[in-house]
*Asks:* 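Here it is, the structure in full.
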Amino acid sequence: MSLIGQLPKSEITTRFADHVSSGKAEFFHQAGIDFVIGKREGIYIWDLDGKQLINCHSNGGVFNLGHRNPRIIAALQRALKELDIGNHHLVSEARARLGERLAAICPGDVNHVVFGVSGGEAVDMAIKIARGHTGRPNIISAKGGYHGHTGFALAAGDPSFSKPFGPLMPGFQQVPFGDLDALATVIGEETAAVIFETIPATYGISIPPENYFAGVRKLCDQTGAVMIMDEVQTGLGRCGAMWCIDTYDVIPDIIVTGKGLSGGIYPVTATLYREHLNPFLHENPFIHVSTFGGAEVGCFVSLEVLDILEEPGFLQHVRDMADIFESGFSELQEKHPGVLKGSRQRGLMMGLKLADPNFGPLMTRIGFEAGILAIYANNDPSVVQILPPLIIQEGEVNQVIAILDGMLGKLEEIIQNIQSS
Ligand SMILES: Cc1ncc(COP(=O)(O)O)c(C=O)c1O
């Protein structure tokens with residue numbers, strides 16, 4: 001018997017509200033979104049009632065390889081025949097093999113790894129390494145940025161998520177993203193690290209000036225600060241290169257990855273760091289522990305993810321699909337200039353910039369009707385994120401563009417109705 005749909009939809013919603021999140025249940029009810037995820041496969045998810053959506057959210061990259069990718073499932077099944085989580089204190093073949101493979105795809109001498117379970121945990125670890133290595137207190141991050149909901153990560157992110165939880169960790173400063181002068185005025189001898197998402201997703205797929213990261217690198221080198229790139233969403237092929245920071249030709253000191261490393265099946269995250277940062281953890285090997293970090297069965301899932309990403313033509317496919325989106329977006333902009341102000345894109349890290357912050361949530365709701373899961377950016381709701389699985393094919397890209405065309409038309413209609421009433 002299928003695990004899906006054993007309860008009627010209304011009963012699931014009631015039990016979810018009673019025992020999981022009453023607030024979320026109320027939010028979706030008020031937004032007119034009546035969706036309970038059921039079957040999922042490839043680029044699609046289905047409601048329990050059978051309604052199909054193209055997943056243009058991909059949980060920020062978790063579903064880079066689509067839902068229930070057969071190769072990933074097979075890798076987990078193979079691993080389950082012999083392994084389990086393993087013991088995080090002991091030397092492990094699975095962790096060693098994944099660590100080596102991750103080092104091989106990282107730029108420069110980013111060749112060490114600490115495994116985790118969540119992106120927030122991996123960001124916390126990056127900040128621990130930076131403070132531990134430098135002995136300095138200050139961490140600089142971007143206004144409107146997002147790094148997760150754990151301790152250091154929360155303090156580095158936008159206050160909208162951290163306000164009720166103060167006092168936060170001291171020593172955190174924020175600067176406008178993309179502004180080198182602003183960074184230059186605050187970075188200094190007390191700065192342990194600068195942490196940025198390479199392209200801040202939650203801040204609306206904001207694309208920095210081309211020379212920005214080279215400038216950040218220079219300022220970090222001049223002051224001895226550690227340069228941390230949060231590639232939880234942008235990494236693992238999303239931007240048409242293994243890491244988005246590769247497209248800027250810059251080698252950071254630490255790369256944080258997560259989401260896509262799971263293959264959508266088993267959570268694994270990683271804090272990857274350069275050789276010169278290793279002495280701190282070498283001296284203190286038990287100063288950070290994550291019981292489930294780098295679980296052995298998960299390592300084999302992640303190794304399969306890397307096998308797929310490294311196949312010849314995979315990253316080229318991402319770039320090819322990105323090109324089709326790019327020309328589709330410019331046609332959409334010509335057609336809907338009143339509501340669509342532009343597009344933001346690096347590879348398949350994409351967003352549509354709308355004319356009003358109220359339009360993002362509206363587009364998300366219209367998408368549920370029209371057949372696309374596309375979520376607005378929380379810290380800039382005038383942007384709808386478009387993050388399809390990287391395995392999307394040409395015909396499907398054209399289908400997404402056609403649906404977006406219809407959604408923008410519907411948005412125009414709603415605005416006109418509001419204006420004329
Ligand atoms: C850029 C970025 N960093 C960190 C995180 C935190 O990851 P997690 O939710 O796995 O803790 C996220 C999650 O959306 C993210 O988008």
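Just so you know, ligand 1 is whichever comes first in the structure, and atom 1 is the first atom listed for that ligand. These numbers come from the heavy atoms of this one structure, side chains and all, not from hydrogens, waters or symmetry mates.
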*Asks:* Scan residues 339-360 for pairs that pass salt bridge (Lys or Arg N to Asp or Glu O under 4.0 Å), counting only residues two or more places apart or in two chains.
*Replies:* Glu210-Arg346, Lys353-Asp380
*Asks:* Of Val305, Leu98, Leu83, Leu76, which is the lone residue that meets side chain to side chain contact (heavy atoms under 4.5 Å, CB included) with Phe300?
*Replies:* Leu83
*Asks:* In order of chain and number, which residues sit within 4.0 Å of ligand 1 by heavy atom?
*Replies:* Ser118, Gly119, Gly120, Tyr146, His147, Gly148, Glu197, Asp230, Val232, Gln233, Lys259
*Asks:* Run the salt bridge (charged side-chain N to carboxylate O under 4.0 Å, His left out) test on Asp158 and Lys163 for me, step by step, so that the C-alpha distance in whole Å, both residues' side-chain angles and the decisive distance to 0.1 Å come before the verdict.
*Replies:* CA-CA 9 Å; Asp158 192 75; Lys163 232 186 233 153; over 6 Å; no
*Asks:* What is the ring orientation for Tyr44 with Trp46, classed by angle as parallel under 30°, tilted 30 to 60°, or perpendicular over 60°?
*Replies:* tilted
*Asks:* So which of Met350, Glu396, Met321 actually passes side chain to side chain contact (heavy atoms under 4.5 Å, CB included) with Pro388?
*Replies:* Met350
*Asks:* Do the rings of Phe196 and Tyr212 sit parallel, tilted or perpendicular, given the 30° and 60° boundaries?
*Replies:* tilted
